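Quick one: this structure, given as structure tokens, is what I'll be asking you about.
Note that the numbering runs from 1 along the sequence shown for the chain. These figures come from a predicted structure and were not determined experimentally.
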Amino acid sequence: EGTNSNNFSRGSGDHYYLHRTRLDLQFRPVNGVSFVFQPQFTTAPGYRPPAAPGAEDHFDFHQAYAEFVRGAKDAPQYGARLGRQELNFGAQRLIGSSNWGNTSRTTDAIRLFREDSSTRVDLFASTVVQTQQYKLDRFKGDIQLQGLHVAWKKLLPGGLLETYLFR
């Protein structure tokens, strides 16, 4: 990435390389229970100091959660996800992890869901995780988001209708 003439000033360009490495680990001790860990290492060699938190976060856990699911694939499923996780709803139009950024966004959340062949309902409460470059990231308790998301899969022929209620 690079910029030229920041603030319309000559010689204020900055060119750097963004690098992100993630390792996806999943452990399923029994059917319906899984533990997911996703350590992440991000750097920005060449970034003019100090590097922005969105560009560099040396080592952290991008995701670390437990998920519990009941129900067969062809029957309604119910579940809960607890811990550090990405929240992505509606193709990330309103809530998303912004994976285009080097560190991307994550939340500490509890998420309950129900899904069948025609509908998915998600109910969640979360706090935003603040990137801290040289320490483990921590949630920011004063930034909270709760919501209800319903995706109607068969209400519109060939379409998807999504309804939201956020606080």
Side-chain angles (χ1 to χ4, degrees), residues 1 3 18-42 44 52-57 59-132 136-167:
E1 270 190 19
T3 59
L18 295 175
H19 179 78
R20 174 172 69 191
T21 302
R22 287 183 180 162
L23 180 63
D24 293 318
L25 305 167
Q26 187 174 48
F27 175 60
R28 292 184 177 166
V30 294
N31 192 26
V33 176
S34 62
F35 299 94
V36 173
F37 300 96
Q38 189 180 55
Q40 170 177 276
F41 179 78
T42 58
E56 195 169 80
D57 186 15
F59 172 80
D60 221 307
F61 284 97
H62 181 66
Q63 296 191 92
Y65 62 83
E67 186 171 65
F68 307 93
V69 180
R70 287 190 56 104
K73 293 252 185 219
D74 54 348
Q77 291 188 328
Y78 301 86
R81 182 182 286 181
L82 306 120
R84 183 153 300 169
Q85 58 190 282
E86 292 181 344
L87 289 179
N88 295 307
F89 294 111
Q92 300 187 42
R93 288 183 306 275
L94 295 176
I95 296 179
S97 56
S98 302
N99 264 315
W100 51 267
N102 205 32
T103 59
S104 68
R105 185 178 304 124
T106 190
T107 62
D108 284 346
I110 180 169
R111 182 174 174 179
L112 307 173
F113 67 89
R114 180 197 184 277
E115 183 171 22
D116 60 31
S117 63
S118 64
T119 310
R120 173 155 176 132
V121 178
D122 286 276
L123 179 67
F124 67 91
S126 67
T127 60
V128 173
V129 173
Q130 183 177 17
T131 301
Q132 298 180 347
L136 289 178
D137 295 347
R138 293 190 40 88
F139 68 89
K140 231 172 134 42
D142 59 336
I143 301 178
Q144 299 178 9
L145 176 65
Q146 297 88 31
L148 172 68
H149 172 260
V150 181
W152 310 91
K153 301 174 188 176
K154 296 183 178 178
L155 198 58
L156 300 172
L160 178 69
L161 176 64
E162 296 176 278
T163 55
Y164 307 86
L165 177 62
F166 297 137
R167 176 187 174 278

Count the heavy atoms of every other residue, nucleotide or ligand shown that sit under 6.0 Å from CZ of Arg167, and state whether that count exceeds 12.
-> no
Euclidean distance, Phe35 CZ relative to Leu82 CG, rounded to 0.5 Å = 10.0 Å
Can you tell me how far CG of Leu123 sits from CG of Leu148, rounded to the nearest 0.5 angstrom?
-> 6.0 Å
Identify the two heavy atoms, one from Asp122 and one from Arg111, that lie closest to each other, and give their separation to 0.1 Å.
-> OD1-NE, 3.0 Å
For the student: nearest non-hydrogen atoms of Arg105 and Ser98, plus distance | NH1-OG, 3.3 Å
Hey, what do you get for CG (Leu18) to OG1 (Thr103), rounding to the nearest 0.5 Å?
-> 10.0 Å
To the nearest 0.5 Å, what is the distance between CZ (Phe89) and CZ (Phe124)?
-> 5.0 Å
Will you find, in the side chains of Asn88 and Ser97, an N or O donor that is under 3.5 Å from an N or O acceptor?
-> yes
Under 6.0 Å from the CZ atom of Arg22, do we count more than 12 heavy atoms belonging to anything else shown?
-> yes
pair Gln38-Leu25: side-chain heavy atoms closer than 4.5 Å = no
Tell me, with the steps shown, if Leu23 and Phe41 meet side-chain contact (heavy atoms from CB on, under 4.5 Å).
-> CA-CA 9 Å; Leu23 180 63; Phe41 179 78; over 6 Å; no
Does atom CG of Asn31 have more than 12 heavy-atom neighbours, drawn from other residues, nucleotides or ligands, at distances under 6.0 Å?
-> no
Rounded to the nearest 0.5 Å, what separation is found between the CZ atom of Arg84 and the OH atom of Tyr65?
-> 13.5 Å
Go through Glu67 and Gln26 one step at a time and tell me if the side-chain contact (heavy atoms from CB on, under 4.5 Å) criterion holds.
-> CA-CA 11 Å; Glu67 186 171 65; Gln26 187 174 48; 5.6 Å; no
Please state whether the rings of Tyr164 and His149 are parallel, tilted or perpendicular, taking 30° and 60° as the class boundaries.
-> tilted
Passes side-chain contact (heavy atoms from CB on, under 4.5 Å), Arg93 versus Glu162? Steps please.
-> CA-CA 11 Å; Arg93 288 183 306 275; Glu162 296 176 278; 3.2 Å; yes
Where do Leu145 and Val128 land on the side-chain contact (heavy atoms from CB on, under 4.5 Å) test, with the steps shown first?
-> CA-CA 8 Å; Leu145 176 65; Val128 173; over 6 Å; no
Asp60 and Gln40 side chains, donor-acceptor separation under 3.5 Å | no
Side-chain donor or acceptor of Thr106 paired with backbone N/O of Gln85 under 3.5 Å | yes
Is any NZ, NE, NH1 or NH2 atom of the basic residue among Asp116 and Arg114 found under 4.0 Å from an Asp or Glu carboxylate oxygen of the other?
-> yes
OG on Ser126 to CD on Gln146, rounded to 0.5 Å = 7.0 Å
Distance-only, no hydrogens or angles: does the Arg120 side chain make a donor-acceptor pair with backbone N or O of Phe113 under 3.5 Å?
-> no
Taking every heavy atom of Ser104 against every heavy atom of His62, the minimum-distance pair comes out as OG-CE1, 2.9 Å
Do you know the tightest heavy-atom contact between Ser34 and Arg28?
-> CB-CG, 3.8 Å
Answer whether the closest heavy-atom distance between the side chains of Asn99 and Glu86 falls below 4.5 Å.
-> yes
